[in-house]
Participant: 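First, the structure itself, so that you have it in front of you.
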Amino acid sequence: MAGDPHGGLLDRTLANLFRAWSDLSGTTRYHVSGRLRADLPDEDRARVRSEMEACVAAVGDAATNRARAAELGRRYLELDRTGRIRFLLELATGFDRDRDAVDRALAELGACGGDALARREAEQSLHSALEPRWRVLLRQFTTLPEGMKFLVDLRAEMLEAQGEHPEIRFLADDLRTLLSHWFDLGLLDLRRIDWASPARLLEKLIAYEAVHEIRSWEDLKNRLDSDRRCFAFLHPTMPDEPLIFVEVALVNGMAASVDELLDETAPAVDPRTADTAVFYSISNAQRGLDGISFGNFLIRHVVGVLEQELPNLRSFATLSPIPGLSRWVRRQVSEAGTELLTASERRALPIGDVGLPDLLARLEQGDGAMETALREPLTRLAARYLTSARRRGNRAHDPVAHFHLSNGARVERLNWMGDRSVRGRTQSWGLMVNYLYRTGDIAVNSAGYATDGRIAASQAIRSLARD
């Protein structure tokens with residue numbers, strides 16, 4: 001799609017915040033004299049620290065405190081990247097816990113002896129002392145128009161900056177704790193998005209789609225056709241901002257090719273005759289909510305909704321990418337070379353003096369001869385990867401596999417050249433996988449994976465992995 005949808009949305013988000021917070025004007029507006037320089041040099045940083053102190057002190061009525069927070073938020077939005085990092089560093093290092101107060105509370109707790117009432121009071125004092133001072137300011141932002149969205153985006157910037165500035169990590173982690181309460185699943189709204197939904201919400205789908213790029217409005221319209229469904233979780237304070245959304249195709253039989261699913265010229269299937277719902281794209285839309293899980297609940301909710309709407313559906317499956325496959329195979333090749341292949345595979349491949357890495361590169365570039373030659377060995381290695389490769393904690397190496405296995409699916413089928421896009425070829429040489437959700441097996445599969453790392457897989461996948 002032409003242009004940068006992310007950049008355009010960001011510009012409008014900032015404009016909305018400025019307009020919303022400018023409404024805190026007149027007698028309720030807290031004015032701060034002098035404009036900050038964009039990179040927030042030390043002199044301006046000292047002024048920001050003073051303004052933060054005023055916000056945390058929360059002296060005055062509620063309207064004044066909201067206006068102070070709005071003015072400080074406006075100042076943050078006017079800074080460049082360097083200035084924003086300095087702003088976050090000031091908040092993270094200058095407004096953490098009062099360690100003297102923590103020490104005093106610990107001493108009081110230690111002096112309680114057997115006095116139960118004194119101990120409870122001391123524990124309460126310790127609990128209060130352990131709360132970082134920055135929480136006062138963060139909570140004030142939630143009272144502002146668009147304030148929750150501001151905090152979500154603020155954490156996204158913290159996550160980007162914390163690698164270079166580890167001090168910010170503690171602030172980001174604490175904001176995650178707060179957001180996990182504010183975005184509790186009981187507060188979320190599951191909404192079906194269709195072509196009649198507000199344009200501003202449809203635009204967000206285009207911008208936030210993370211699996212298969214939406215190339216145009218016509219592409220989006222096709223994905224919202226009568227034989228398609230799109231569901232999203234939304235929060236009441238962010239009614240036009242999907243938190244996570246899933247795209248579903250209603251088809252007959254498990255889909256094997258995303259290119260066919262996204263073909264705008266293909267005739268629509270009558271949803272009343274479809275026997276399978278295929279989840280072909282799941283996108284987390286808010287970087288600032290990383291670490292707060294919605295996806296497993298989203299899929300289970302959507303399965304329930306579809307079962308009620310379309311009782312003719314017999315299967316619920318995904319058509320999923322395998323994003324870690326290429327890196328894993330190349331690492332295995334670097335360690336084992338052609339020994340990674342069976343004897344018959346080595347005889348069938350034109351390896352010669354070229355080497356297996358070069359053959360893989362040719363396949364990645366679209367060499368048709370390599371599509372035929374490498375189909376069998378790469379499908380076998382993909383089955384081994386999905387059923388055997390592990391990360392720390394005995395979790396599946398592939399992040400998409402981990403997500404679906406955690407949710408109770410099983411690895412059902414591999415699809416050669418299921419995704420011929422540049423991304424599909426780069427991350428898995430076009431291979432895609434179907435994960436199958438069987439309602440009666442979901443709880444058992446999920447528990448087995450969580451407790452023992454047991455990966456549920458079809459007999460066909462297990463046979464391939466053993467070859």
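In this text the structure is predicted, and so the values were computed from the model without any measurement.
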Participant: Report yes if the distance between the aromatic ring centroids of H402 and Y449 is under 6.0 Å, otherwise no.
Facilitator: yes
Participant: Which heavy-atom pair separates I85 from A161 by the least distance, and what is that distance?
Facilitator: CG1-CB, 4.1 Å
Participant: Could you tell me the separation between the CG atom of L250 and the CG atom of D270, rounded to the nearest 0.5 Å?
Facilitator: 10.0 Å
Participant: So does Q308 have more than 12 non-hydrogen atoms from other groups sitting under 6.0 Å from CD?
Facilitator: no
Participant: Give, for atom CG of L179 and atom NE2 of H181, the distance between the pair rounded to the nearest 0.5 Å.
Facilitator: 10.0 Å
Participant: Tell me, yes or no, whether the heavy-atom count around R37 atom CZ, taken from other residues, nucleotides or ligands under 6.0 Å, exceeds 12.
Facilitator: yes
Participant: If you measure from the Lys or Arg side-chain nitrogens to the Asp or Glu carboxylate oxygens, is any gap between E412 and R410 under 4.0 Å?
Facilitator: yes
Participant: Does a side-chain N-to-carboxylate-O contact under 4.0 Å join E157 and R84?
Facilitator: yes
Participant: With a 4.0 Å cut-off, would you call R423 and D419 a salt bridge?
Facilitator: no
Participant: For the pair W217 and W195, name the ring-plane relationship: parallel under 30°, tilted 30 to 60°, perpendicular over 60°.
Facilitator: perpendicular
Participant: What is the distance from atom CG of L289 to atom OG of S180, rounded to the nearest 0.5 Å?
Facilitator: 10.0 Å
Participant: Is the closest side-chain donor-acceptor distance between D96 and W134 under 3.5 Å?
Facilitator: no
Participant: Rounded to the nearest 0.5 Å, what separates atom CH2 in W429 from atom CD in E364?
Facilitator: 7.5 Å
Participant: Can you confirm whether R466 is buried at CZ, in the sense that more than 12 heavy atoms of other residues, nucleotides or ligands lie under 6.0 Å from that atom?
Facilitator: yes
Participant: Give the minimum heavy-atom separation between L414 and A383, together with the two atoms involved.
Facilitator: CD1-N, 3.6 Å
Participant: Test Y280 against every option in L262, T318, V211, V248 by the side chain to side chain contact (heavy atoms under 4.5 Å, CB included) rule and name the one that passes.
Facilitator: L262
Participant: Checking Y208 against E241: is there a side-chain donor and acceptor pair closer than 3.5 Å?
Facilitator: yes
Participant: Is atom CD of E264 surrounded by more than 12 heavy atoms (other residues, nucleotides or ligands) closer than 6.0 Å?
Facilitator: yes
Participant: Does the N222 side chain pair with the main chain of D225, one donor and one acceptor, at a distance under 3.5 Å?
Facilitator: no
Participant: State whether D173 and R169 are salt-bridged, where the test is any N-O pair (Lys NZ or Arg NE/NH1/NH2 against Asp/Glu carboxylate O) under 4.0 Å.
Facilitator: yes
Participant: Regarding E160 and R81, does a basic nitrogen lie under 4.0 Å from an acidic carboxylate oxygen?
Facilitator: yes
Participant: Can the positive tip of R75 be found less than 6.0 Å from the middle of the six-membered ring of F87, inside 45° of the ring normal?
Facilitator: no
Participant: Looking only at non-hydrogen atoms, find the nearest pair between G366 and R425 and report the distance.
Facilitator: CA-NH1, 3.6 Å
Participant: Should the pair F150 and Y76 be assigned to parallel (<30°), tilted (30 to 60°) or perpendicular (>60°) ring geometry?
Facilitator: perpendicular
Participant: Under 4.0 Å between a side-chain nitrogen and a carboxylate oxygen: does that hold for E209 and K204?
Facilitator: no
Participant: Are D219 and R223 within salt-bridge range, i.e. N to O under 4.0 Å?
Facilitator: yes
Participant: Verify whether one side chain among N415 and R413 offers a donor that lies under 3.5 Å from an acceptor in the other.
Facilitator: yes
Participant: Around atom CD of Q332, are there more than 12 heavy atoms from other residues, nucleotides or ligands closer than 6.0 Å?
Facilitator: yes
Participant: Is atom CG of D42 surrounded by more than 12 heavy atoms (other residues, nucleotides or ligands) closer than 6.0 Å?
Facilitator: no
Participant: Relative to each other, are the rings of Y435 and H404 parallel, tilted or perpendicular (30° and 60° limits)?
Facilitator: parallel
Participant: Do the charged groups of R200 and D240 touch, with an N to O distance under 4.0 Å?
Facilitator: yes
